[in-house]
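In what follows, a structure is listed as structure tokens, so that the remarks can point back to it.
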Amino acid sequence: MEGNIEEKSPSYRKYDAHEGIVFLIELSEGMFQVLPELNDRMQLVEILTTLLELMSQLIITRPGTGLGCYFYNCFKNDDENGIYEYFPLRDLNARDMKQLSDLLEDVDCGRCTIQEFLPFSYDRRTPLESIFELTKLQYTQESPDQKSFNNRKVFLFTDDDSPPESFDPNAKSRLSHLANDLNDYYIGFTTFFIGSNERPFNDAFYSEILRLSSNTDTEFDGPNTKPISASIIKSRVLRKQEIKRILFQCPLILQESSSFIVGIKGYSIVSHEKAGVKYKLVYEKEDIRQEAFSRRKFLNANTGEEIKEGLTKVFPYGDLNIALSDEELATVTKDYAGENSFLKIIGFRATSKCTQYYNNIDKPAFVVPDESSYEGSIRTLASLFKNMREKKKSAIIWGKTKTNSNPAMFILSPSDSFSRNEGFYMRRIPFLDEIRKFPCIVPMENLAGTAEYRRVKELTKNIMSHFNLKNGYEPSEFKNPGIQRHFKVLHDYLLQTEDEAYLNTSEEKTEKLLSEDDSIRKIAQIREKIIASAESNEPQGQKLSEYFIEWNEIYQKIKSSELIDKPSIKKPRNWNG
């Protein structure tokens, strides 16, 4: 299990994810059909609307992402292969967003039709080989103004499960070889096979060509050939664009004396939506706007003169200032933690005893084997995972995940059978001086044993069963309203969207607020369900309201009674007698 860490270290110390997504959309008769489940919109318009929303999201969170859009079976420019490049694969830019926004606005206002903009021929078709070659060219061609993409995705939209190539064995063989070439370049397909109850999509041909999994359990893990309904195109695209970012990559020392080491990668499973750089300083030079860069100066506190020499880094220790050179600082760091990142297993403990909710001080990482650093890591960690899960044990780990971070203690626990992921979860646990004392809780022994308390618990369960809250909190469903509002102003200015300041009625203002804040909208939906239950004329529909009425009555009774233990208050001693 030994490996050369020094040779491998540069490849994972600097991991810069540059993602590129290509939209490949096949024009067909079904793509121009108006569907009731899309609010009487065409499937093609729904895909383009989704693309615009995806661009609006990525320009906030990942502005360096590349997007490209291509239509095939489209002979707009008399192209022989019928491939229309709406915009090429390149980093997000305002021009492409404005172009797409104007097209959708023209279609919505009736200034043009989508059929006129994207002419479709029933007699001429684009060979799939040309599509595969185009995809390979987009990711492999070098451009001086564009850095290469190291995370490459192709979103393929089609509702035709029987292209001409499906009946030609030679064409299928050539397509398989092209798909293998794309796989060698790490270009992955995410398929959107659109079907319906009246015309289900048969995924046999594309499953054979692209060698995608047909297991429905892989819906969240990656691409598969499971057909989808047109109504879920938007939700599927917005979820599939998410990128897996490596949080750290380092060796895991299982036994130091025998140099028993494996390689691991850690992925962030929880992220916070945040904007990038809020603004840039620019200046005008010869009518050209250029970015301005700042620099830091050190000034003498007494004279205000700039100091360029004689600066020394010191560490305050009481009233002393201890100066350490870079060599001395590196020696100190090497003595207690080493220079490189590492993790070391120092023991095992029952999972129930070491995973406590009050130790949750940092977001966890999802850990998987890294075969590129140490050969045999997958097999070794698979065996360790199996044994730890059977024995319900977790590993206690010491080390640091990055070269410049401080050492810490971690808990490495295997995922359970209910988890969507299969691997290890690693959580940092606090040192003693990081733990605060829990506040004293008023004793409630008398309350917990009463019939009223048991009835409140039962009523609460009945109330919760009326709401779809079983899946818990999904962070991806709740966008940051402050960030969304800030970028909406920039978005509307860029796309020349009309201002909605004229909204005066309370209903219009409420509707606008609900559209901007996901949390308030979810709460409003629960509130509307409670009100609808109170106004219902059917006994079954009134149950939710009756539960709330009874719950409030019992709660008021408990609150006003002596069931809750009051903390004892000592009376002051009377010293006079």
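Keep in mind that the numbers below use all heavy atoms, side chains included, and drop hydrogens, waters and symmetry copies.
- Salt-bridge annotation for Arg455 and Glu458: present, with a side-chain N of the basic residue lying under 4.0 Å from a carboxylate O of the acidic one.
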side-chain contact (heavy atoms from CB on, under 4.5 Å) between Val107 and Cys112, worked out:
CA-CA 5 Å; Val107 172; Cys112 76; 4.2 Å; yes
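- Side-chain contact between Thr401 and Phe410 is present, with heavy atoms from C-beta onward closer than 4.5 Å.
- A donor-acceptor pair under 3.5 Å is absent between the side-chain atoms of Thr191 and the main chain of Phe193, judged by distance alone.
- Side-chain contact between Val154 and Tyr139 is present, with at least one heavy-atom pair separated by less than 4.5 Å.
- Taking both residues in full, the closest heavy atoms of Met97 and Leu52 are given as O-CD1, 4.0 Å, listed atom of the first, atom of the second, then distance.
- Taking the six-membered ring for Trp and thresholds of 30 and 60 degrees, Tyr86 and Phe71 have ring planes more than 60 degrees apart, a perpendicular arrangement.
- Proximity of Arg389 to Glu422: side-chain heavy atoms (C-beta onward) are separated by under 4.5 Å at one or more points.
- By the 4.0 Å N-to-carboxylate-O rule, Lys98 lies close enough to Asp102 to be salt-bridged with it.
- For the pair Ile83 and Cys74, the minimum side-chain heavy-atom distance is 4.5 Å or more.
- Taking the side chain as every heavy atom from C-beta outward, Tyr84 and Ile25 never approach each other to under 4.5 Å.
- Just one of Val456, Ile463, Asn462 meets the side chain to side chain contact (heavy atoms under 4.5 Å, CB included) condition when paired with Thr460; it is Val456.
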side-chain contact (heavy atoms from CB on, under 4.5 Å) between Met55 and Ile59, worked out:
CA-CA 6 Å; Met55 297 172 80; Ile59 208 166; over 6 Å; no
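- Phe149 and His18 have parallel rings, their planes meeting at less than 30° on a 0 to 90° scale where 60° marks the start of perpendicular.
- Side-chain contact between Leu182 and Phe189 is present, with heavy atoms from C-beta onward closer than 4.5 Å.
- In the model, Ser28 has a side-chain atom that pairs as donor or acceptor with a side-chain atom of Asp159 under 3.5 Å.
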Go through it in stages, so that I can follow the logic: the residues are Tyr206 and Thr158, the test is side-chain contact (heavy atoms from CB on, under 4.5 Å), and I'd like the CA-CA distance, side-chain angles, deciding distance and then a yes or no.
CA-CA 11 Å; Tyr206 283 100; Thr158 179; 4.3 Å; yes
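- Here the side chains of Arg427 and Asn359 are not in contact, with every heavy-atom distance at 4.5 Å or above.
- The distance from the CG atom of Leu48 to the CG atom of Leu100 is 6.0 Å, given to the nearest 0.5 Å.
- The aromatic rings of Tyr555 and Trp551 sit parallel to each other, their planes meeting at less than 30°, with 60° as the upper class boundary.
- Under the 3.5 Å distance criterion, the side-chain polar atoms of Ser533 are left unmatched by any main-chain donor or acceptor of Lys529.
- Phe32 contributes atom CZ, which lies 6.0 Å from atom CD of Gln115 (distance to the nearest 0.5 angstrom).
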Criterion side-chain contact (heavy atoms from CB on, under 4.5 Å) on Phe205 and Ser162, from CA distance to verdict
CA-CA 7 Å; Phe205 168 70; Ser162 302; over 6 Å; no
